[in-house]
Colleague: 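What follows is a structure written as structure tokens; I'll ask about it next.
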Amino acid sequence: MDIRVGHGYDVHAFEPGDHVILCGVKVPHSARLKGHSDADVGMHALTDAIYGALAEGDIGRHFPPSDPQWKGAASEIFLDHAVKLAEARGFRISNCDVTLICERPKIGPHALEMAQELARIMGLDPARISVKATTSERLGFTGREEGIAAIATATLIAE
Ligand SMILES: Nc1ccn([C@@H]2O[C@H](COP(=O)(O)O)[C@@H](O)[C@H]2O)c(=O)n1
Ligand SMILES: C[C@@]1(CO)OP(=O)(O)OP(=O)(O)OC[C@H]1O
């Protein structure tokens with residue numbers, strides 16, 4: 001049995017807007033996240049965790065920010081690619097855990113829907129997916145509400 005663990009980290013800054021996309025869910029907010037794609041910071045961290053477990057580099061290697069093809073892209077494309085790459089290598093994803101770091105928006109009311117959306121994209125039982133959040137107690141860039149950070153871990157198993 002081959003068991004792999006990967007982790008991912010991402011940050012996107014706020015810019016003027018009225019909603020954010022987090023783990024595939026549109027959440028009303030007083031700003032939006034800036035990015036080349038839809039700036040789904042949680043999905044990017046999870047995608048990087050899977051690439052990390054596979055030693056397959058990072059999201060920018062597979063989807064260069066310099067490529068206009070990915071401008072405004074739904075981050076589901078990136079996660080789907082990482083999952084299919086894992087499957088092609090004989091791995092199944094056992095579980096994953098995403099932490100969103102922000103003062104606002106509040107994630108708790110949306111966490112279940114986010115886990116369900118990630119599960120849909122990944123073809124997994126939602127019980128294998130965790131989405132949670134923490135503030136940084138008003139410290140640092142997330143504390144000043146300049147952006148949102150996300151960390152993720154994924155465990156992959158090949159029998
Ligand atoms: N954006 C956020 C941040 C936090 N939560 C929930 O609040 C709890 C307490 O946060 P602390 O940073 O004070 O530990 C946290 O455990 C989450 O349940 C949230 O929903 N959205
Ligand atoms: C996702 C990509 C796609 O062009 O762009 P961004 O939306 O800016 O996101 P980032 O987390 O900076 O990762 C780099 C890129 O791969």
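Counting starts at 1 for both ligands and their atoms, in listed order.
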Colleague: Tell me whether Arg104 has any N or O atom under 3.5 angstrom from an N or O of ligand 1.
Modeller: no
Colleague: Considering only heavy atoms, which of Thr135, Thr142, Thr99, Leu100 lies nearest to atom 11 (P) of ligand 1?
Modeller: Thr135
Colleague: So which protein heavy atom does atom 18 (O) of ligand 1 come closest to, and at what separation?
Modeller: Ala133 O, 4.3 Å
Colleague: I need the atoms of ligand 1 closer than 4.0 Å to a non-hydrogen atom of Gly108, numbered in the order shown.
Modeller: 19 (C), 20 (O)
Colleague: Considering only the protein, which heavy-atom contact is closest to atom 19 (C) of ligand 1, and what is its distance?
Modeller: Ile107 N, 3.6 Å
Colleague: Test Arg4 against every option in Leu156, Thr155, Ile157 by the side-chain contact (heavy atoms from CB on, under 4.5 Å) rule and name the one that passes.
Modeller: Leu156
Colleague: Identify the protein heavy atom lying closest to atom 14 (O) of ligand 1, giving its residue, its atom name and the separation to 0.1 Å.
Modeller: Thr134 OG1, 3.8 Å
Colleague: Any idea which protein heavy atom is nearest atom 13 (O) of ligand 1, and the distance to it?
Modeller: Glu137 OE2, 3.4 Å
Colleague: With respect to Ser136, determine whether any N or O atom, backbone or side chain, lies less than 3.5 Å from an N or O atom of ligand 1.
Modeller: no
Colleague: Is Lys132 in contact with ligand 1, taking contact as a heavy-atom separation below 4.0 Å?
Modeller: no
Colleague: How close does the nearest protein non-hydrogen atom get to atom 7 (O) of ligand 1, and which residue and atom is it?
Modeller: Lys106 NZ, 4.8 Å
Colleague: Under a 4.0 angstrom heavy-atom cut-off, which atoms of ligand 1 come close to Cys102?
Modeller: 1 (N), 2 (C), 3 (C)
Colleague: Using a plain distance cutoff, I'd like to know if Pro109 has any nitrogen or oxygen under 3.5 Å from a nitrogen or oxygen of ligand 1.
Modeller: no
Colleague: So does Glu117 pair up with Arg120, basic N to acidic O under 4.0 Å?
Modeller: yes
Colleague: Would you please write out the protein residues whose heavy atoms approach any atom of ligand 2 to under 4.0 angstrom, listed by chain and number?
Modeller: Asp10, His12, Gly35, His36, Ser37, His44, Ile59, Gly60, Phe63, Pro64, Pro65, Trp70, Phe78
Colleague: Answer yes or no for Pro105: is there a heavy-atom contact with ligand 1 below 4.0 Å?
Modeller: yes
